[in-house]
Asker: 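Dropping the structure in here first, questions after.
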There are 4 protein chains.
Amino acid sequence: MLLQLDFSTTTPIYQQIRDQIVQGIAKGELKPGERLPTVRTLASECGINIMTASKAYQLLKQEGHTRGDRRGGTFVCKPEGDLSPDSSIIEALRLHLAELIVGGMSNEDVLTLCKHLLDDVSSQKNGSLL
Amino acid sequence: MLLQLDFSTTTPIYQQIRDQIVQGIAKGELKPGERLPTVRTLASECGINIMTASKAYQLLKQEGHTRGDRRGGTFVCKPEGDLSPDSSIIEALRLHLAELIVGGMSNEDVLTLCKHLLDDVSSQKNGSLL
Amino acid sequence: MLLQLDFSTTTPIYQQIRDQIVQGIAKGELKPGERLPTVRTLASECGINIMTASKAYQLLKQEGHTRGDRRGGTFVCKPEGDLSPDSSIIEALRLHLAELIVGGMSNEDVLTLCKHLLDDVSSQKNGSLL
Amino acid sequence: MLLQLDFSTTTPIYQQIRDQIVQGIAKGELKPGERLPTVRTLASECGINIMTASKAYQLLKQEGHTRGDRRGGTFVCKPEGDLSPDSSIIEALRLHLAELIVGGMSNEDVLTLCKHLLDDVSSQKNGSLL
DNA sequence: GTGGTCTAGACCACA
DNA sequence: GTGGTCTAGACCACG
């Protein structure tokens, strides 16, 4: 699980970390119960401030993607009760679909693109276990 | 074309304006050649500063969604040559799809959601009313 | 001598007119003594305001590229005494050359480009008379 | 790297800043990876508003001449893939060459002028001092 | 401390 | 009247 950080983008670093870990969970690269590196390790490996790494972990915990352990580690966990998709995600999705449409793609093109992205995003999760 | 601005979010106002206009173009509510309100009108209607409205228009122009006419006004214009969808949009899309998967939805659920959003987003453009 | 106006650019319309006429003179398409269309004709042909066309003509006259006639026409004329190239043009030239260098071109590439542009810009003037 | 601003011209201040930094990069006075002063420093040194300085930096970033680093600062960066020279620069160049021709210079004079300007503009970059 | 955002009010070039 | 520019001063997210 290697993080690819882009320091030139407008997306905050802590957000990039959080996003990539979420995608890792979706793909199945990070499995429930798995332990994440410590904030110190993560920070020194990525060349970022400890506060930044900490903020990313805070966010993940708050969202229910991870949970702390009594002895101090951070572990991936299955979120529960999150069955109603966050409306902000829906709105973001709606916007990005609109951007593709405006960019000249047809509805069909966009749908097949979504299908491919979905296959990519959830490959191991749905595939290796069947 | 009414804009819904949220002043409590971290998303800049000018970005919200830009996003909603892009969605308006995708939906077909704003048609190529149509004139947008002046920055002053928009600013006073939304209760924001002229510079904020101006910034939104500059963004749209720079992205090729609109075109300024020196003789006065800002007009929606057809995108051209943007056949390769911006990779940053793809990445954003990938992330949001992953979020839904992690949130507990199945691939099929996500796909039908996308389909519904697409129908919504491009309703008038593809002629569901014709 | 057809004018190509771009209403979407940041360059003022009157400036575009002036620029293209100057280039026409350089090329030899417009010869000293030749009569320019009236501001009214020009304005209606280009779909612009008379004031705009008038401003362009004013500028040309002021710079010595044209002169008025007692009976009311506007005629191309040779500028005199303008032998010291305007420093602002030199500065603009310096900037544009720098932009090409920064864009990745070598000094030689830029020079051959200049040579080609010069041949193009002064084709009839130096060519048809030899 | 001292900036010379002219507050009496119609050229926007932020554009003047941008132009001079581009020329600095072309000359090699500003090298890839070098850090630019902060917007605040630049603003106070030049006696201008922070937003004006900020706008210049945004322009440079957007054009790919510089790169922001979320960890602080703005840095000069190597242009990439900009192999096709911008047509608007070519057009501007064509115009300025035409102006010199109309001003009475011969093709040869213009070419030697370009050569001198090029030597000036890219002096350090091509190693006249090595 | 760094850049990004916003406001209120003003001036100017252009058409 | 239209958009573009600038100022002075303020607040905020990020690191």
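Letters A, B, ... are given to chains in the order of the sequence lines, protein chains preceding strands, and every chain is numbered from 1.
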Asker: State the CG-CD distance between A/Leu2 and A/Glu45, to the nearest 0.5 angstrom.
Answerer: 8.0 Å
Asker: How many angstroms lie between CG in D/Leu100 and CG in D/Leu97, if you round to the nearest 0.5 Å?
Answerer: 6.5 Å
Asker: I'd like a list of close polar pairs between nucleotides 5-9 of chain E and the protein, N/O only, cut-off under 3.5 Å.
Answerer:
{"unit_1": "E/dT5", "atom_1": "OP1", "unit_2": "B/Tyr14", "atom_2": "OH", "d": "2.6"}
{"unit_1": "E/dT5", "atom_1": "OP2", "unit_2": "B/Tyr14", "atom_2": "OH", "d": "3.2"}
{"unit_1": "E/dT5", "atom_1": "OP2", "unit_2": "B/Lys55", "atom_2": "NZ", "d": "3.2"}
{"unit_1": "E/dC6", "atom_1": "OP1", "unit_2": "B/Ile13", "atom_2": "N", "d": "2.4"}
{"unit_1": "E/dT7", "atom_1": "OP2", "unit_2": "B/Asn49", "atom_2": "N", "d": "3.1"}
{"unit_1": "E/dT7", "atom_1": "OP2", "unit_2": "B/Thr52", "atom_2": "OG1", "d": "2.7"}
{"unit_1": "E/dA8", "atom_1": "N7", "unit_2": "B/Asn49", "atom_2": "ND2", "d": "2.3"}

Asker: Before you tell me yes or no, could you show the steps for A/Ile25 and A/His65 under side-chain contact (heavy atoms from CB on, under 4.5 Å), namely the whole-Å CA-CA distance, both residues' side-chain angles and the distance that decides it to 0.1 Å?
Answerer: CA-CA 9 Å; A/Ile25 296 175; A/His65 296 305; 4.2 Å; yes
Asker: Students often get this wrong, so: under 4.0 angstrom with heavy atoms, is D/Gly73 touching a base, only sugar-phosphate, or nothing?
Answerer: sugar-phosphate
Asker: Tell me: CG of B/Leu36 to C1' of F/dG3, nearest whole Å?
Answerer: 13 Å
Asker: Which residue, D/Arg70 or B/Asp69, contacts DNA chain F at a nucleotide closer to its 5' end, judged by nearest heavy atom?
Answerer: B/Asp69
Asker: Just call it for D/Thr74: base, sugar-phosphate, or nothing, with non-hydrogen atoms closer than 4.0 Å on any strand.
Answerer: sugar-phosphate
Asker: Could you state the CD-P distance from C/Gln16 to E/dC14, rounded to the nearest angstrom?
Answerer: 12 Å
Asker: Using only side-chain N and O atoms of D/Arg71, determine if any of them is under 4.0 Å from OP1 or OP2 of F/dG15.
Answerer: no
Asker: Flag yes if more than 12 heavy atoms outside D/Gln62 fall under 6.0 Å of its CD atom; otherwise flag no.
Answerer: yes
Asker: What do you reckon, is CZ of C/Arg40 surrounded by more than 12 foreign heavy atoms closer than 6.0 Å?
Answerer: no
Asker: Which is it for C/Asp19 and C/Gln15 under the side-chain contact (heavy atoms from CB on, under 4.5 Å) test, yes or no, and what are the steps along the way?
Answerer: CA-CA 6 Å; C/Asp19 288 346; C/Gln15 181 85 38; 3.3 Å; yes
Asker: Is there a donor and acceptor pair closer than 3.5 Å between the side chain of D/Arg40 and the base of E/dG3?
Answerer: yes
Asker: Who passes side chain to side chain contact (heavy atoms under 4.5 Å, CB included) against B/Ala98, sequence neighbours left out?
Answerer: A/Gln23, A/Ala26, A/Val121
Asker: Please determine which of C/Leu5, C/Leu60, C/Leu59 meets the side-chain contact (heavy atoms from CB on, under 4.5 Å) test together with C/Ile17.
Answerer: C/Leu5
Asker: What's the verdict on salt bridge (charged side-chain N to carboxylate O under 4.0 Å, His left out) for A/Arg94 and A/Glu91, showing C-alpha distance, side-chain angles and the deciding distance?
Answerer: CA-CA 5 Å; A/Arg94 183 201 305 278; A/Glu91 282 315 306; 3.2 Å; yes
Asker: Rounded to the Å, how far apart are D/Arg18 CZ and F/dG4 C1'?
Answerer: 18 Å
Asker: Using the criterion of both pairing distances under 3.5 Å for Watson-Crick and G-U wobble pairs, give all stems of 3 or more consecutive pairs involving DNA chain E.
Answerer: E:1-14 with F:1-14
Asker: How many Å lie between CD on B/Gln62 and C1' on F/dG4, as a whole number?
Answerer: 15 Å
